[in-house]
Asker: 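Below are the structure tokens for one structure; questions will follow.
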Amino acid sequence: MVFSFTFLRGSFVFRRGFRTGKKLLSPSTEDIIYKAICVNLKQRRWKFLEQVSPSLTNSLVCRVVREFRNSPQLALEFYNWVEARDNFSHSLESCCTLVHVLVNSRNFNDALSIMESLMLKNGKSPLEVLGGLMNSYEICNSNPAVFDALVRTCTQLKSVEGAYDVIRKLRLEGFWVTIHAWNNFLNLLLKLGETDKFWNMYMEMVASGYSENVNTFNLIIYALCKECKLLEAISVVYLMLKIEIWPNVVSFNMIIDKASKMGEMDLALKLTRNTEVISGGSVSPNIVTYNCIINGFCKIRRLESAKNVLAEMIKLGIDFNERTYAPLIDGYARKGSLDVAFRLCDEMVEMRLIPDTVVYNSLIYWLYIEGELEEASFLLSDMINRRILPDEFTYSILTKGLCLSGHLNKALRVHYYIVERNLVKDAYTHNILINYMFQSRNIAGAKQLLSSMIVRGIKPDMVTYGTLVDGHCKEGKIEAAVQIYDKTVKADGKSNLVVYNSILDGLCKKGSIDAARLLVDKLQQNGFLDSVTYNTLLHGFCVNGEVEKAFALFLEMINVGSLVNIVSYNIMINFLCKMGLIQQAMELMRAMASQGIIPDLITYTTLITNFVKSYGSDNVIELHDYMVLKGAVPDRQTYQSLVSPCLQEHTEG
DNA sequence: GTAGGGTTAG
């Protein structure tokens with residue numbers, strides 16, 4: 001008997017096609033597989049799909065994803081499943097097809113992460129992604145929201161260039177992103193501190209025919225606040241009211257926050273009290289508003305006023321949260337009242353608020369500053385035990401705390417532990433260590449830290465450069481410092497006053513007083529100087545024995561008013577002490593205190609130390625009492641070694 | 001979307 005196998009032929013072809021992959025697929029075969037995938041995907045029969053997986057092609061994937069455009073979740077699952085196959089990677093086309101499907105179903109999160117990984121993992125540029133989206137636009141029957149989503153992806157990746165390339169290319173092609181995409185882009189510029197670019201881009205946006213919405217105006221208010229232009233920011237609110245693009249609570253809060261941060265509490269309060277009137281009853285202050293005010297009062301040490309605001313919040317029935325308490329706790333700790341700070345923590349807990357990382361960081365920081373090493377370590381372990389996660393702030397606080405107490409090696413060990421686990425991404429802890437390396441005159445160590453941060457992909461920032469310049473200046477290596485300045489700060493095209501002040505300090509310390517004066521004149525001509533500039537020059541005159549020039553400058557600073565601060569007084573008090581004029585130094589401190597400038601740790605230490613050196617410790621308590629009465633927080637070490645011993649003598653006597 | 005904590009002057 002002759003047996004015919006003809007009836008099996010179809011299934012043979014079918015099977016072989018499945019096994020040997022894409023190059024054998026004829027159009028009709030692809031159709032068959034396509035239909036098989038669709039039928040089985042609908043039922044989520046992954047086992048079956050597993051069998052066909054060797055025959056997958058990009059064109060198949062695109063077809064399937066498009067077919068499931070009305071079940072986007074399933075399309076996404078399929079896409080992810082395909083991605084998990086060995087030896088298969090998605091093409092730009094299949095990625096873009098899925099992005100169209102996801103955006104059309106308003107699943108922006110997944111659409112954004114697909115595009116993000118296209119750029120990050122596959123190294124596609126924003127313009128290449130745009131090309132992919134445009135090529136598949138028609139066949140996916142898409143809408144322009146995908147382009148907004150692409151801009152959003154760029155802004156999330158902090159790619160200014162990318163976002164702008166996309167916007168510009170689309171405009172050339174006759175597509176327009178919406179105002180929302182522009183707002184995202186403008187927001188990115190502000191977040192990166194690119195204020196100049198923000199204004200240029202904003203003008204370009206308006207010039208190309210867009211009209212601002214409330215978010216755009218809020219960004220403008222934010223930009224003006226960043227530039228400390230509070231009155232202009234307020235006038236934007238009035239403009240908004242006039243053209244009936246209603247400001248919201250965010251518009252007001254940004255101005256109130258900036259005013260508070262600038263210490264302009266009267267303005268901040270006035271705005272808060274008048275928010276309802278100004279907005280015609282449409283906006284009322286909220287928890288953020290009040291938190292900003294509390295923070296402002298705390299920063300200028302008006303803690304009673306801050307507590308009154310908290311009481312007012314409670315009275316008005318406005319909720320409070322961790323951010324209400326954190327500035328208060330920090331404020332009291334900053335003032336040296338750690339006991340009050342801890343009591344506020346208890347109060348927080350009673351109010352069912354859990355002290356979080358920020359609160360712990362603040363307390364640990366001030367404990368370190370006060371020299372309470374053990375308590376700081378205890379609090380750190382308490383934090384970890386309570387599963388309150390340390391963050392980059394915690395690490396930099398720990399680093400500074402260890403350096404401050406002379407444990408540079410311990411700080412370095414902690415540092416290596418942290419960087420090896422990739423726990424820090426910003427420059428802070430590096431900057432702190434580099435600074436302390438210079439302080440312990442370990443230039444090689446500082447340079448090593450700089451290269452290790454670069455190797456680890458942490459970008460040195462202005463502070464890093466400033467620290468390097470400052471470190472070299474302190475070593476008397478002005479030429480090297482200027483060279484670093486040229487290669488970094490100058491090359492970045494940004495003037496940085498801190499760096500100029502460091503160079504100025506270096507010149508002063510080297511005794512190049514004339515060069516220092518020239519630099520100050522130059523800065524003066526450009527209106528680019530601050531109280532640090534003056535204080536540095538003042539200090540320079542003092543250490544170089546230029547008595548007359550020092551006093552002349554000091555008087556000039558007092559006359560201008562805004563230039564003189566606690567540091568200026570400390571310099572002069574120290575100078576008078578060095579000349580043996582202790583009485584005059586104390587006199588100056590009293591004059592300063594009567595101006596409302598509170599003696600600080602340095603005033604305290606300078607005067608107490610010099611007083612005891614000249615007159616012995618007999619009447620030092622009087623001086624201590626006076627300064628404390630005026631609000632000084634005694635330096636712990638000075639107090640323990642020079643003041644408290646004679647306090648005991650007194651009580652014993 | 002806006003609010004709290006860490007780095008460079010005495």
Asker: How long is the line joining CG of N321(A) and C1' of dA3(B), in whole Å?
Answerer: 8 Å
Asker: Would you classify I602(A) as touching base, sugar-phosphate or nothing, given that sugar-phosphate means primed atoms plus P, OP1 and OP2, and contacts are heavy atoms under 4.0 Å?
Answerer: base
Asker: If I take atom CD1 in residue I397(A) and atom P in nucleotide dT7(B), what distance separates them, rounded to the nearest angstrom?
Answerer: 8 Å
Asker: Any side-chain N or O of K261(A) below 4.0 angstrom from OP1/OP2 of dG4(B)?
Answerer: yes
Asker: Rounded to whole Å, how long is the line connecting atom CD1 of I388(A) with atom P of dG4(B)?
Answerer: 20 Å
Asker: Mind calculating the distance between CG (L402(A)) and P (dT7(B)) to the nearest angstrom?
Answerer: 15 Å
Asker: Ignoring the backbone of K191(A), work out which of dG4(B), dA9(B), dT2(B) is nearest its side chain.
Answerer: dT2(B)
Asker: Quick one: which of dT7(B), dG4(B), dA9(B) gets closest to the side chain of Y428(A)?
Answerer: dT7(B)
Asker: Would you indicate what N184(A) reaches in the nucleic acid, counting non-hydrogen atoms under 4.0 angstrom: base, sugar-phosphate, or nothing?
Answerer: nothing
Asker: Can you measure R334(A) atom CZ to dG4(B) atom C1' for me and round it to whole angstrom units?
Answerer: 11 Å
Asker: Are side-chain heavy atoms of F575(A) and M572(A) found at a separation under 4.5 Å?
Answerer: yes
Asker: In whole angstrom, give the distance that lies between atom CD1 of I458(A) and atom C1' of dT7(B).
Answerer: 14 Å
Asker: Does N435(A) have a side-chain nitrogen or oxygen under 4.0 Å from the phosphate oxygens OP1 or OP2 of dT8(B)?
Answerer: yes
Asker: Answer yes or no: are there more than 12 heavy-atom neighbours, outside Q448(A) itself, under 6.0 Å from its atom CD?
Answerer: no
Asker: Distance criterion of 3.5 Å, no angle test: do you see the side chain of D356(A) paired donor-to-acceptor with the base of dG4(B)?
Answerer: yes
Asker: Go through dA9(B), dT2(B), dA3(B) for me and flag the one nearest to the R323(A) side chain.
Answerer: dA3(B)
Asker: Taking side chain as C-beta onward, heavy atoms only, is N496(A) less than 4.5 Å from Y500(A)?
Answerer: no
Asker: Contact class for T289(A) vs. all strands (heavy atom < 4.0 Å): base, sugar-phosphate, or nothing?
Answerer: nothing
Asker: Using a 4.0 Å heavy-atom cut-off across all strands, classify D426(A) as base, sugar-phosphate, or nothing.
Answerer: base
Asker: Any N or O donor-acceptor pair linking the side chain of N291(A) to the base of dA3(B) at under 3.5 Å?
Answerer: yes
Asker: Side chains of T289(A) and N253(A): any donor to acceptor distance under 3.5 Å?
Answerer: yes
Asker: Base, sugar-phosphate, or nothing for N496(A), non-hydrogen atoms under 4.0 angstrom?
Answerer: nothing
Asker: For the side chain of V288(A), starting at C-beta, report the closest nucleotide among dT7(B), dT2(B), dA9(B).
Answerer: dT2(B)
Asker: Can you measure L310(A) atom CG to dG4(B) atom P for me and round it to whole angstrom units?
Answerer: 17 Å
Asker: Reckon N574(A) touches a base, only the sugar-phosphate, or nothing at all at heavy-atom distances under 4.0 Å?
Answerer: nothing
Asker: Quick one: label Y365(A) by what it contacts on the DNA or RNA (base, sugar-phosphate, nothing), any heavy atom closer than 4.0 Å.
Answerer: sugar-phosphate
Asker: D470(A) has an atom CG; how far is it from atom C1' of dT8(B), in whole Å?
Answerer: 6 Å
Asker: By the 4.0 Å heavy-atom rule, please label N218(A) as base, sugar-phosphate, or nothing.
Answerer: base
Asker: If you check the Y222(A) side chain, which of dG4(B), dA3(B), dT7(B) turns out closest?
Answerer: dA3(B)
Asker: Any luck finding a side-chain donor-acceptor pair between Y365(A) and K400(A) under 3.5 Å?
Answerer: yes
Asker: So which atom in N535(A) and which in I571(A) form the shortest heavy-atom distance, rounded to 0.1 Å?
Answerer: O-CD1, 3.3 Å
